[in-house]
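Before any comments, here is the structure.
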Amino acid sequence: MNIPNKRLLAILFTACLFCASASAQQSFSQEQFTSDFDFLWSHLRDNYAYFDKKETDWNKVRELYRPVLAGVKSRGDFVALLERVLDELYDNHTSLNTNLKTSPRLVPTGLDLWAEWRGRRAIITQLRRGFSAEQAGLKVGMEIISINGVPIEEAVALRLPKSLKTINDEARNWALRAVFAGTHDKPRVVAAKNLKGVVPVYQLDLPTHTTVDNYRYTPKVEWKMLPNEIGYIKINDLISTEIVSEFDSALDGVRASRGLILDLRDIPRGGNTDVAEPIMGRLIERPMGYQQVVPLHAPGYIKEVSPRGDWTYKAPIVVLVNRWTASMGEGLAIGLDGMRRATIVGTRMAGLNGGIFNLELPQTKIGIAYAGERLNHINGTPRENFVPPVMVNLLDRRLSHFNDPIFEIGYRKLIELIKAQPNELKSKSRQNVRTKR
């Protein structure tokens with residue numbers, strides 16, 4: 001082949017790549033954007049399960065954002081608009097399945113510190129262990145003064161939904177955590193007052209930090225034996241189906257233990273019932289209801305789980321939870337609590353609303369996940385309101401000498417449960433006899 005022909009071939013190849021790229025970023029008309037907007041608004045009006053808990057004026061949402069469509073010129077513009085629309089629900093269990101570099105991070109997946117309003121003060125109540133906020137030096141109990149140079153009250157006011165009939169505590173706390181989660185494209189700079197009244201500035205999201213954007217959830221399941229013949233299993237994911245076999249292997253490893261600590265504190269992405277139910281099935285001897293499901297347009301019912309495997313783990317169990325125990329992680333925790341199969345130890349969980357339904361917009365094919373049915377504890381109380389029976393207040397300074405207060409309290413509680421067992425039950429739990437099927 002001569003040189004000119006090579007150049008021609010290169011030009012044609014580049015043109016093909018450009019065409020493929022242009023095709024991948026298909027352009028849409030104003031009519032298509034408007035059609036998808038109306039479809040989304042109407043669908044959520046009829047199928048979102050939590051409007052009665054919200055101060056959102058959904059009609060006002062349409063009035064506020066439909067005129068903005070006139071300025072939407074691209075798919076990216078439309079994604080940014082839809083993010084603002086969904087923010088009006090201040091619901092961390094309702095989101096798009098796509099994002100931009102400028103998109104807000106999701107909570108709790110994209111959050112490494114948990115903050116709450118205590119009066120007019122924004123207080124750090126929990127840190128995600130080993131992540132940027134902790135690595136930068138922030139501590140539980142600190143008061144946040146500003147983020148990226150903006151006073152925290154001002155930053156939160158700008159992040160609040162615009163359609164609210166009343167600005168309640170739930171919306172204020174949602175906006176506070178949304179501000180701290182930030183966006184994918186901007187590192188965070190936080191000014192925080194420590195217990196001595198000093199206000200240093202903390203640089204987050206540095207290249208040397210573990211950030212929510214670069215974290216990999218591996219291994220999926222970890223296990224080990226602890227002193228006093230205590231088994232420990234940590235689950236870091238409830239999404240992948242291989243987790244079931246990995247959990248089975250871990251359970252085999254702790255089979256002879258006197259009690260089990262099940263750590264669910266690193267499941268911000270949630271999961272699905274195809275993983276959580278088989279895990280619960282290894283810990284019960286008969287079919288049991290573990291969760292109440294309340295569809296929006298149908299009668300409620302009790303979700304059941306059945307025993308699984310050649311043998312059942314019978315010894316006492318403590319489950320560790322925190323603000324990064326989310327969605328199906330919350331379902332697993334309340335299920336074991338409702339079946340009286342474990343004692344839950346820790347803080348309140350992520351508090352995500354209900355069961356997720358998926359919707360695809362007809363024109364742009366953008367996907368939306370939204371809370372379409374309520375999920376309750378077996379006793380009828382909302383899952384998102386669950387409070388662990390053994391509640392750990394991380395703001396209590398008496399716990400400051402513990403490296404991991406939730407683990408320490410959970411370990412001590414498990415020892416108590418083991419000692420409280422009648423002798424005949426201790427013997428049976430150690431045997432972990434085969435389940436009769």
Side-chain angles (χ1 to χ4, degrees), residues 114 116 124-131 134 139-141 195 221-236 247 250-267 279-280 282-284 312-326 329-330 332-351 377 386-432:
W114 195 273
E116 300 173 32
I124 298 174
T125 56
Q126 198 161 157
L127 290 164
R128 193 171 176 194
R129 291 174 62 85
F131 280 77
E134 183 184 62
K139 305 288 185 184
V140 169
L195 298 179
V221 179
E222 306 171 59
W223 72 272
K224 59 185 175 181
M225 290 295 295
L226 301 173
N228 295 308
E229 298 177 89
I230 300 298
Y232 173 88
I233 298 177
K234 184 173 186 287
I235 300 176
N236 299 318
F247 177 80
L251 199 63
D252 284 337
V254 301
R255 181 172 183 173
S257 59
R258 301 166 62 210
L260 173 64
I261 294 175
L262 183 59
D263 194 341
L264 304 181
R265 293 180 293 168
D266 199 13
I267 312 180
I279 288 173
M280 286 187 278
R282 296 300 311 273
L283 310 176
I284 57 174
T312 298
Y313 187 85
K314 298 174 182 287
I317 301 172
V318 158
V319 174
L320 307 183
V321 299
N322 67 4
R323 291 297 192 176
W324 288 271
T325 307
E330 297 176 85
L332 181 53
I334 69 162
L336 292 171
D337 180 80
M339 294 186 292
R340 300 182 184 277
R341 188 58 194 93
T343 299
I344 316 301
V345 177
T347 67
R348 292 188 65 166
M349 298 183 287
H377 190 284
F386 180 76
V387 177
V390 181
M391 185 72 170
V392 180
N393 178 12
L394 295 176
L395 294 175
D396 187 339
R397 296 188 185 182
R398 292 173 297 179
L399 301 179
S400 61
H401 63 284
F402 289 131
N403 177 54
D404 186 348
I406 292 175
F407 173 84
E408 293 291 343
I409 291 173
Y411 183 89
R412 294 180 184 193
K413 180 63 180 179
L414 184 57
I415 295 296
E416 289 179 16
L417 294 172
I418 292 169
K419 290 180 177 179
Q421 280 188 303
N423 288 331
E424 61 271 19
L425 290 181
K426 291 179 184 178
S427 175
K428 287 182 180 180
S429 67
R430 291 292 300 279
Q431 293 171 10
N432 281 320

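Index from 1, following the sequence. Scope of the values below: all heavy atoms of this structure, side chains included, with no hydrogens, waters or symmetry mates.
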- Task: Ignoring hydrogens and angles, tell me if any N or O in the side chain of Glu408 forms a donor-acceptor pair with the backbone of Asp404 under 3.5 Å.
- Result: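 Checked: no pair found.
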- Query: Any donor and acceptor pair, going by atom type alone, linking the side chain of Arg258 with main-chain N or O of Ile230 inside 3.5 Å?
  - Reply: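 The answer is no, because no donor-acceptor pair under 3.5 Å joins these two groups.
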- Query: Relative to each other, are the rings of Phe386 and His377 parallel, tilted or perpendicular (30° and 60° limits)?
  - Reply: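 Parallel.
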Write down the atom of [X], the atom of [Y], and the distance for their closest heavy-atom approach.
X      : Y      : value
Tyr232 : Leu260 : N-CD1, 4.0 Å
Ser257 : Gly231 : CB-N, 3.5 Å
Val392 : Pro405 : CG1-CB, 4.5 Å
Leu283 : Arg341 : O-NE, 2.6 Å
Leu195 : Arg397 : CD2-NH2, 3.7 Å
Val221 : Ala250 : CG1-CB, 4.0 Å

Do [X] and [Y] have side chains that approach each other closer than 4.5 Å (heavy atoms only, starting at C-beta)?
X      : Y      : result
Leu399 : Ile409 : yes
Ile279 : Ile235 : yes
Val390 : Arg412 : no
Lys139 : Ile124 : no
Phe247 : Leu262 : yes
Phe407 : Asp263 : no

- From Ile317 CD1 over to Asp337 CG, what is the distance, rounded to the nearest 0.5 angstrom?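 Going from CD1 on Ile317 over to CG on Asp337, the span is 12.5 Å.
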- Task: Using the side chain to side chain contact (heavy atoms under 4.5 Å, CB included) rule, pick out the option among Ile334, Ile267, Asn322 that qualifies with Met349.
- Result: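 In the set Ile334, Ile267, Asn322, the residue that makes a side chain to side chain contact (heavy atoms under 4.5 Å, CB included) with Met349 is Ile334.
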- Would you call Glu116 and Arg348 a salt bridge, taking side-chain N to carboxylate O under 4.0 Å as the test?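 Salt bridge between Glu116 and Arg348, a charged N being under 4.0 Å from a carboxylate O: no.
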